[in-house]
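Structure record follows, encoded as structure tokens.
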Amino acid sequence: MHDPRALVDMGADAVRRLARRGYTLDLEGLEDLLSRRNKSIHRADELRAESKRVAQEVQSAARQGADTGELKQRARDIKDEIRDVEAEQEQLAGRLNELMLGIPNLPLDTAPDGDSEDFAVEVRRHGDPPTFAFPPKDHVDLGEALGILDFGRATKLSGPRFSVARGAGARLERGLAAYFLDLHTRRHGYVEHSVPFLVTPATMTGTGQLPKFEEDLFKTGTNNRDLYLIPTAEVPLANLHAEEILDAGDLPLAYTAYTPCFRSEAGSYGKDTRGLIRLHQFAKVEMVRFCAPEESQRELETMVGHAEACLAGLGLPYRVVTLAAGDMGFSAQLTYDIEVYLPGQGRYREISSCSDCGTFQARRARIRSRDKDGKRGLVATLNGSGLPIGRTVAAILENNQRADGSVVMPPALVPYLGFHTIAADGTPQV
RNA sequence: GGAGGGCUCGCCUAGUGGCCGAUGGCGCCGGUCUUGAAAACCGGUAAGGGGAAACUCUUCGUGGGUUCGAAUCCCACGCCCUCCGCCA
């Protein structure tokens with residue numbers, strides 16, 4: 001969310017930047033609504049001040065034994081008027097809030113033009129796509145042949161877009177999670193958290209999923225409580241400090257959590273229906289950082305580095321791209337995607353998304369800081385995947401497959417797995 | 001699910017209808033003193049809205065209500081604690 005005043009002051013520049021992501025800002029409408037709300041606030045303030053004065057007069061009149069009947073009547077009249085003005089004020093404030101909650105973050109000018117992934121600009125590449133002396137299989141064929149992935153039974157249990165991992169496959173998932181968490185906590189300075197997977201509407205609003213994207217979420221309504229399943233650990237992690245004032249000296253804060261993620265994938269019918277790429281439930285290690293707003297762009301570079309370290313450590317070829325202004329998430333002002341090479345598809349696919357949200361989420365969730373001089377301000381929030389387990393499993397299987405159908409594990413992972421190869425029959429080779 | 005107790009400005013705490021946006025202590029910040037530090041003493045120290053500013057309004061868990069006037073009275077809800085039941 002933006003400060004409505006700041007948006008109005010930015011004027012045409014705000015309109016231009018929002019237009020880059022396909023949002024048409026009605027600047028005059030906003031200005032008008034803001035000024036009407038402010039006038040209403042001012043009027044209500046005046047009336048309340050008057051009402052206080054009259055109450056004082058009643059008291060002093062009563063002390064002197066004078067008749068208070070007339071004064072009391074006047075106070076009652078003022079109260080009625082206050083009621084009316086406050087109702088108007090509430091209505092205007094509600095409309096303004098609703099409008100503000102629906103305006104996406106302002107893309108930085110460093111984000112390229114465009115409205116889809118086709119306009120992403122490559123920043124750098126790491127590693128080379130492997131070459132095979134045989135036609136490489138995709139992770140579904142590999143995983144099912146090895147008996148470590150079972151999509152058929154997942155569908156039996158829950159319908160499409162779910163997965164079951166078995167034996168060495170399940171162990172691979174668990175090992176990856178431990179590997180990523182160790183990397184972030186021991187080498188990158190993140191504090192590991194274990195967080196709720198069900199959160200309130202207010203929490204979902206803090207990070208920007210609500211009110212606009214409810215259809216992307218799974219919702220529960222048990223015992224008259226509306227709770228949503230988290231689509232990413234970014235939601236509980238970034239909201240940890242909602243309504244708080246952090247000590248500026250403690251920044252930056254770096255948090256990580258390993259959680260399942262639940263996404264309805266509404267509107268993606270027929271897209272990536274095969275395999276581990278797009279599921280209703282997947283597991284992910286997430287990174288979240290809180291920092292001073294002026295540090296956020298540098299912090300984003302740092303965080304991308306942490307995500308890259310995950311891939312580099314596993315020996316997976318990847319590239320980093322800057323997302324186009326119109327392709328970024330609602331809360332982001334700049335996003336880098338990391339794409340891993342998938343031999344089964346013969347191309348790079350998104351495996352991590354690292355976003356600088358500036359103060360956009362902090363204003364929604366009211367996450368502030370106070371420096372030594374007592375000066376208060378909003379913090380900046382950043383989030384990045386580091387990394388999703390399913391897509392990483394797919395990348396390892398496809399990149400490390402051998403002609404006989406066996407798969408070699410990345411050396412860095414061996415201590416976490418207890419085996420170095422998954423044999424063609426699915427047996428882990430110690 | 002049942003019974004009781006609680007929720008005040010970072011923490012603890014005073015406050016049972018008006019001069020209370022709210023007492024005191026701790027903590028924190030600044031100053032005096034000191035070679036420096038500690039101690040002592042003095043001063044400051046909640047958040048938010050509106051306003052260029054002066055200033056003003058709101059907030060004592062949340063929402064309603066009574067009243068000219070509510071931290072204080074009434075109602076509902078939420079959260080926390082203790083005990084009972086159930087449960088991983």
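In what follows, chains are A, B, ... by sequence order, proteins preceding strands, each numbered from 1. Predicted model only: the values in this text are computed from it and were never measured.
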Measuring only the P atom in each nucleotide, how far is B:C9 from B:A47? A whole number of Å is fine. 12 Å
Could you please name the option among B:G49, B:C57, B:C68 that lies closest to any side-chain atom of A:Ala49? B:C57
Per atom distances to the A:Arg37 side chain, the nearest of B:C57, B:U67, B:G50 is B:G50
Listed nucleotide nearest any side-chain atom of A:Arg5, set B:C68, B:G51, B:U58: B:G51
Between A:Glu243 (CD) and B:U59 (P), how many Å, whole number? 18 Å
Test of understanding: with side-chain contact (heavy atoms from CB on, under 4.5 Å), list the residues that count as partners of A:Gln56, not counting sequence neighbours. A:Gln59
Is A:Lys375 salt-bridged to A:Asp371, cutoff N-O under 4.0 Å? no
Go through the side-chain N and O atoms of A:Thr381 and A:Gln361 and say whether any donor and acceptor fall under 3.5 Å apart. yes
Without decimals, in angstroms, what is the distance between A:His42 NE2 and B:A53 P? 14 Å
Measure CD/A:Glu90 against C1'/B:G63 and give the value in whole Å, please. 11 Å
Taken to the nearest whole Å, CZ/A:Arg43 to C1'/B:U58 is 18 Å
Write out a two-atom table: protein N or O, nucleotide N or O from nucleotides 15-18 of chain B, distance below 3.5 Å.
unit_1 : atom_1 : unit_2  : atom_2 : d
B:G18  : O2'    : A:Gln59 : OE1    : 3.0
B:G18  : O2'    : A:Gln59 : NE2    : 3.2
B:G18  : N2     : A:Ala55 : O      : 3.0

If you look at every strand shown and take non-hydrogen atoms under 4.0 Å, does A:Lys79 touch a base, only sugar-phosphate, or nothing? base
Can we call the ring centroids of A:Phe262 and A:Phe197 under 6.0 Å apart? no
Interatomic distance, A:Arg53 CZ vs B:C55 C1' [rounded to whole Å]: 13 Å
Could you tell me the separation between the CZ atom of A:Arg48 and the P atom of B:G50, rounded to a whole number of Å? 13 Å
Regarding B:G51, can its base be found pairing with the side chain of A:Asn38 as donor and acceptor, where the two atoms are less than 3.5 Å apart? no
Can a salt bridge be assigned to the pair A:Glu234 and A:Lys284 using a cut-off of 4.0 Å between side-chain N and carboxylate O? no
Examine the side chains of A:Asp337 and A:Ser353 and answer whether a donor and an acceptor come within less than 3.5 Å of each other. yes
Round to the nearest Å and state the distance from A:Lys52 atom NZ to B:U67 atom C1'. 17 Å
Pairs under 3.5 angstrom, nitrogen or oxygen only, protein versus nucleotides 45-48 of chain B, please.
unit_1 : atom_1 : unit_2   : atom_2 : d
B:A47  : OP1    : A:Arg370 : NH1    : 3.1
B:A47  : OP1    : A:Arg376 : NE     : 2.9
B:A47  : O3'    : A:Arg368 : NH1    : 2.8
B:G48  : OP1    : A:Arg368 : NH1    : 2.3
B:G48  : OP2    : A:Arg376 : NH1    : 2.3

Could you measure between the two P atoms, the one in B:C11 and the one in B:A70, and give it in whole Å? 27 Å
Return no unless some side-chain N or O of A:Arg76 is found under 4.0 Å from OP1 or OP2 of B:C68. yes
